[in-house]
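Following: one structure in structure tokens, then a few remarks.
For ligands, and for the atoms within them, numbers begin at 1 and follow the listed sequence.
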Amino acid sequence: MLYELLSNSCVACDLCASRCPWYPVFKPSQRNLGIREAVESCTMCGNCVLGCPLKVPTHKATFERKVKGLIPNDLKKLRERVEEKGSTFGIKMDWGALKGFPLDERAEWLVLPGGFDPLPTSRNDFLALLWTLRELGVDFTLSTEVPEGFGNFYFDYADPQYFKKKAIKIIKVAKALGVKGLLLSECGADYKVWPRVTSYLKIKHDLRVEMAVNLISKKLRPRHVVRKVPWKTSYHDPCGLSRYNFLTEPPRKILKIISENYEEREPGGRDQLCCGGGGGVSLSEAWKRRAVEAVGRKKVEQFKGVEIVATACAKCKSMLLTYSLLLRGGFRVHRIGYLVAWSMGKPLPPP
Ligand code: SF4
Ligand code: SF4
């Protein structure tokens, strides 16, 4: 009731507009009017809500429009192609490459790989994350029945029912393995949905839901670091961590331990400007191209002079790297798990 009241109370004052990664091309008020292109491009980052005096939940209302079919045509086609394979990109996880890590064993945590993790471009990142967790003494297992967390099906493909089916199965696998909790890899879409599957989808369970980055921040100590990251490093907050889950300090705590030269760039924390890739934008070739000019210019400006932009989401990494390459941002982009593994001495190419 309150939600509906708030959803319909946008007065188009545009006080929230400059927080939107797509501003001035699109504004949240256009999304509240249901304008197709504005809806399709919404990343559901939730930044507009922080700037709205009425707290209009633009991202939630926009999501409902997406669920009713207002998603880009190329995303719809991609969704049909990947349906059969049952993974975000239609690529199966290469379990052989993860040899040496516990698989289908009893453990404290069941790791949920992110939707990007099976991609060849993310494989090293995922391996580095698992290696880091193991070195820090985290008791975890993977499961061949859980190739990813499927959060992208909820937020990007806007198909809550498909996600629900997969989530119920994951919870069943977790119970059978006797784990106490689900440990999320570095995936913004999983961060957004997994901590609230009960409120969003009425799925009841008693498992803990934890983010790998948060667990690393609790366990990492300066004594674990054998070489510090020497390059000027800054951090981009994924919306799923910062705005959806208030997790802004743990990644910074890690970076301050492993970097010699950490520098904060504004806006940061819960005010961070979205990478522009959520809500299906990074999966839709057409919208990703448009995001380069509309969003990329601002991100490149924000991180001017930085050598490494660290982040805790594969999707953010993919968008920021695209911007840096196409707009000559001059920075490299790495996931935190990779940077920690390198600083702890894992033989990896230097970041
Ligand atoms: S992209 Fe983010 S800031 Fe812009 S309307 Fe959507 S949720 Fe709001
Ligand atoms: S969402 Fe809020 S701040 Fe943005 S235009 Fe509507 S009323 Fe104004």
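In the vicinity of C48, heavy-atom distances shorter than 4.0 Å reach the ligand 1 atoms 3 (S), 5 (S), 7 (S), 8 (Fe). Below 4.0 Å from some heavy atom of P28 lie the following atoms of ligand 1, by number and element: 5 (S). Using a 4.0 Å cut-off to heavy atoms of P21, the atoms of ligand 1 that qualify are 1 (S), 3 (S), 4 (Fe). Ligand 1 places these atoms under 4.0 Å from at least one heavy atom of H59: 7 (S).
Geometric assessment of K192 against the ring of F155 yields a positive cation-pi assignment under the 6.0 Å and 45° thresholds.
If you check which protein heavy atom lies closest to atom 2 (Fe) of ligand 1, you get C45 SG, 2.3 Å. With respect to atom 7 (S) of ligand 2, the closest heavy atom belonging to the protein is V11 N, 3.4 Å. Protein heavy atom in closest approach to atom 5 (S) of ligand 2: D14 N, 3.2 Å. If you check which protein heavy atom lies closest to atom 4 (Fe) of ligand 1, you get C20 SG, 2.5 Å.
In this structure, C274 has no heavy atom closer than 4.0 Å to ligand 1. Residue contact check for ligand 1: T43 places a non-hydrogen atom closer than 4.0 Å to it. Put simply, no part of A17 is less than 4.0 Å from ligand 2, judged by heavy atoms.
Among the atoms of C42, an N, O or S atom falls under 2.8 Å of atom 6 (Fe) of ligand 1. Backbone or side-chain N, O or S atoms of C16 do not reach atom 2 (Fe) of ligand 2 at under 2.8 Å.
With a 6.0 Å radius and a threshold of 12 heavy atoms from other residues, nucleotides or ligands, K85 has its NZ atom at or below the threshold.
Only backbone heavy atoms of M44 (N, CA, C or O) come within less than 4.0 Å of ligand 1; its side chain stays farther off.
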